[in-house]
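Numbers for residues simply follow the sequence, beginning at 1.
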Amino acid sequence: MSNLFLCSFYLPNTYRLTGTGEKTFSQVVSAAELLKKYKVDFNILTVVTDKAAKSAKEIYDFFRSRQFSFLQFIPCLAPLADARSSYFLSPQNYGTFLCDLFNCWYEDIRSGTYISIRQFDNYLLILSGRPPEACDMGGICSRQNVIEADGSVYPCDFFALDEYCLGNINQDDFTAIEKKREHIQFIQESKTQSDKCRQCKYFVLCRGGCKRHRFMTPETSNKANYFCQSFYTFFEKCGSRLIHASQLLKIR
């Protein structure tokens with residue numbers, strides 16, 4: 001199992017500070033280098049802010065120069081029902097980021113260098129007729145348990161809120177936890193997707209996206225993916241090359 005490092009590798013130390021305000025960038029890089037030294041597999045998890053979205057190539061080149069071969073990028077989200085802030089990722093900038101990141105990745109694929117980017121890897125799985133391994137790319141939530149330090153159990157780390165609490169591992173068994181999951185219809189709720197999504201020519205790849213992205217604002221709650229235009233732009237600009245990449249990598 002890969003180790004995940006949550007970090008700001010570009011615009012370092014802008015947002016990721018310790019509780020006492022200390023910088024963390026150099027600490028994370030040192031930890032990654034130590035894992036490399038002892039041949040421990042790890043995955044770099046990068047949260048893409050609105051500022052970072054404009055620097056996809058610089059971010060990718062930095063990771064490549066460090067020989068970090070397993071990358072994951074997730075959009076910086078606002079709290080539920082509040083999508084306003086200077087650093088939360090906008091749909092327009094996310095679309096630009098995906099395209100710029102793909103351009104770097106695709107050129108490496110063409111030259112014979114493969115760097116794993118989880119989102120692109122999942123698209124390749126879908127193109128090959130296999131299910132995506134990432135729950136957010138399947139369009140329907142998977143069954144999982146997020147357990148906090150106090151034992152509280154939630155159905156997803158994006159929904160670690162009181163109204164979604166499934167119980168407490170110190171008092172409740174998994175049968176009770178599953179009953180609560182069914183009661184709040186967490187998974188069932190994710191199966192509802194808009195007609196616009198289902199009629200889209202890219203639905204086979206997008207599948208409506210992550211449930212959390214459909215709960216960004218009261219107006220879009222479980223109706224449309226907040227990043228719909230981001231993905232549409234990406235598929236329009238990069239779709240044919242994505243197919244070519246799957247052929248180059250012999251994904252079958």
Side-chain angles (χ1 to χ4, degrees), residues 9-11 44-64 68-77 83 87-134 136-139 193-210 212-214 216 220 223-252:
F9 270 100
Y10 193 70
L11 303 173
I44 298 294
L45 175 58
T46 301
V47 178
V48 184
T49 64
D50 219 39
K51 288 183 179 180
K54 301 172 184 177
S55 304
K57 186 179 187 304
E58 289 86 347
I59 295 172
Y60 182 87
D61 287 347
F62 174 82
F63 290 147
R64 195 178 188 283
F68 295 156
S69 300
F70 298 93
L71 312 178
Q72 180 180 354
F73 299 89
I74 59 175
C76 183
L77 303 177
Y87 63 89
F88 298 133
L89 185 57
S90 69
Q92 180 180 357
N93 285 342
Y94 189 34
T96 299
F97 174 82
L98 288 175
C99 292
D100 291 347
L101 180 67
F102 178 84
N103 290 340
C104 298
W105 179 81
Y106 177 70
E107 287 306 312
D108 270 347
I109 295 296
R110 290 184 63 194
S111 66
T113 299
Y114 170 69
I115 293 177
S116 172
I117 295 181
R118 191 182 187 190
Q119 185 167 346
F120 300 158
D121 288 349
N122 273 266
Y123 288 142
L124 297 180
L125 285 173
I126 295 171
L127 286 171
S128 71
R130 286 177 272 179
E133 55 79 24
D136 63 313
M137 299 187 69
Q193 289 150 339
S194 69
D195 290 338
K196 178 184 177 182
C197 283
R198 293 189 177 279
Q199 294 168 8
C200 176
K201 61 183 178 180
Y202 296 121
F203 182 74
V204 66
L205 285 172
C206 176
R207 304 186 180 191
C210 178
R212 175 64 173 82
H213 299 167
R214 304 201 298 262
M216 294 290 285
T220 62
K223 294 180 180 179
N225 192 310
Y226 180 72
F227 295 111
C228 174
Q229 189 58 49
S230 313
F231 296 125
Y232 193 90
T233 297
F234 170 72
F235 293 131
E236 282 285 288
K237 293 185 176 181
C238 304
S240 61
R241 286 176 294 148
L242 183 65
I243 294 172
H244 186 223
S246 72
Q247 296 167 345
L248 291 175
L249 292 170
K250 295 182 172 59
I251 299 296
R252 296 290 185 267

**Student:** Scan residues 225-249 for pairs that pass salt bridge (Lys or Arg N to Asp or Glu O under 4.0 Å), counting only residues two or more places apart or in two chains.
**Tutor:** K201-E236
**Student:** Quick check: do R130 and I126 have side-chain heavy atoms less than 4.5 Å from each other?
**Tutor:** no
**Student:** Looking only at non-hydrogen atoms, find the nearest pair between A52 and I59 and report the distance.
**Tutor:** O-CD1, 3.6 Å
**Student:** Would you please test M137 and R118 for side-chain contact (heavy atoms from CB on, under 4.5 Å) and show each step?
**Tutor:** CA-CA 10 Å; M137 299 187 69; R118 191 182 187 190; over 6 Å; no
**Student:** Please find out if less than 6.0 Å separates the ring center of Y60 from that of W105.
**Tutor:** no
**Student:** Return the CG to OG distance between D121 and S116, rounded to the nearest 0.5 Å.
**Tutor:** 3.5 Å
**Student:** Looking at CZ of F68 and CD1 of I44, how far apart are the two atoms once the value is rounded to the nearest 0.5 Å?
**Tutor:** 5.0 Å
**Student:** For residues L205 and L127, determine if any side-chain heavy atom of one lies less than 4.5 Å from a side-chain heavy atom of the other.
**Tutor:** yes
**Student:** Just checking, is any N or O donor in the side chain of Y232 or N225 under 3.5 Å from an acceptor N or O on the other one?
**Tutor:** no
**Student:** Can you run down the salt bridge (Lys or Arg N to Asp or Glu O under 4.0 Å) pairs that involve residues 103-116, sequence neighbours left out, and say none if there aren't any?
**Tutor:** R64-D108, E107-R110
**Student:** F227 and H213: aromatic ring centres closer than 6.0 Å?
**Tutor:** yes
**Student:** Which residues pass the salt bridge (Lys or Arg N to Asp or Glu O under 4.0 Å) test with R207, sequence neighbours left out?
**Tutor:** none
**Student:** Around atom CD of Q92, are there more than 12 heavy atoms of other residues, nucleotides or ligands at under 6.0 Å?
**Tutor:** no
**Student:** Measuring from S246:OG to L125:CG, what's the distance to the nearest 0.5 Å?
**Tutor:** 11.0 Å
**Student:** Between atom SG of C238 and atom CG of L98, what is the distance when rounded to the nearest 0.5 Å?
**Tutor:** 8.0 Å
**Student:** State, with a plain yes or no, whether a side-chain heavy atom of L77 is found less than 4.5 Å away from one of F88.
**Tutor:** no
**Student:** List for me each residue that meets ring pair (Phe, Tyr, Trp, His ring centres under 6.0 Å) alongside F97, sequence neighbours excluded, and say none if there are none.
**Tutor:** F73
**Student:** Quick one: are V48 and P75 in side-chain contact, heavy atoms under 4.5 Å?
**Tutor:** no
**Student:** Mind checking side-chain hydrogen bond (donor to acceptor under 3.5 Å, both in side chains) for T233 and listing every partner two or more places apart, or none if nothing turns up?
**Tutor:** Q229
**Student:** Does the pair F120 and L101 meet the rule for a side-chain contact (heavy atoms from CB on, under 4.5 Å), with working shown?
**Tutor:** CA-CA 10 Å; F120 300 158; L101 180 67; 4.1 Å; yes
**Student:** Do S230 side-chain atoms and P91 backbone N/O form a donor-acceptor pair below 3.5 Å?
**Tutor:** yes
**Student:** Might you work through the side-chain contact (heavy atoms from CB on, under 4.5 Å) test for H244 and L248, ending with a clear yes or no?
**Tutor:** CA-CA 6 Å; H244 186 223; L248 291 175; 3.6 Å; yes
**Student:** Ignoring hydrogens and geometry, is there a side-chain-to-backbone donor-acceptor pair from S55 to E58 under 3.5 Å?
**Tutor:** no
**Student:** Give me the ring orientation class for F102 and F234: parallel if the planes are under 30° apart, tilted from 30 to 60°, perpendicular past 60°.
**Tutor:** perpendicular
**Student:** Would you say F203 and Q193 make side-chain contact, with heavy atoms under 4.5 Å?
**Tutor:** yes
**Student:** So do I74 and L45 actually touch side chain to side chain, heavy atoms under 4.5 Å?
**Tutor:** yes
**Student:** Where is the tightest heavy-atom contact between G209 and R214, given as atom of each residue plus distance?
**Tutor:** O-NH1, 3.0 Å
**Student:** Once side-chain contact (heavy atoms from CB on, under 4.5 Å) is applied, do any residues pair with T96, and if so which ones, sequence neighbours excluded?
**Tutor:** D100
**Student:** Taking the ring centre of each residue, are Y123 and F235 less than 6.0 Å apart?
**Tutor:** yes
**Student:** Given side chains that start at C-beta, do those of F63 and T46 come closer than 4.5 Å, heavy atoms only?
**Tutor:** yes
**Student:** Could you measure the distance from the SG atom of C197 to the CZ atom of F231? Nearest 0.5 Å is fine.
**Tutor:** 10.5 Å
**Student:** How long is the gap from CG on L249 to OG on S128, to the nearest 0.5 Å?
**Tutor:** 11.0 Å
**Student:** Given side-chain contact (heavy atoms from CB on, under 4.5 Å), test N93 with K54 step by step and report yes or no.
**Tutor:** CA-CA 7 Å; N93 285 342; K54 301 172 184 177; 3.8 Å; yes
**Student:** Please find the pair of heavy atoms, one from L242 and one from L124, that lie closest to each other, and give the distance.
**Tutor:** O-CD2, 3.8 Å
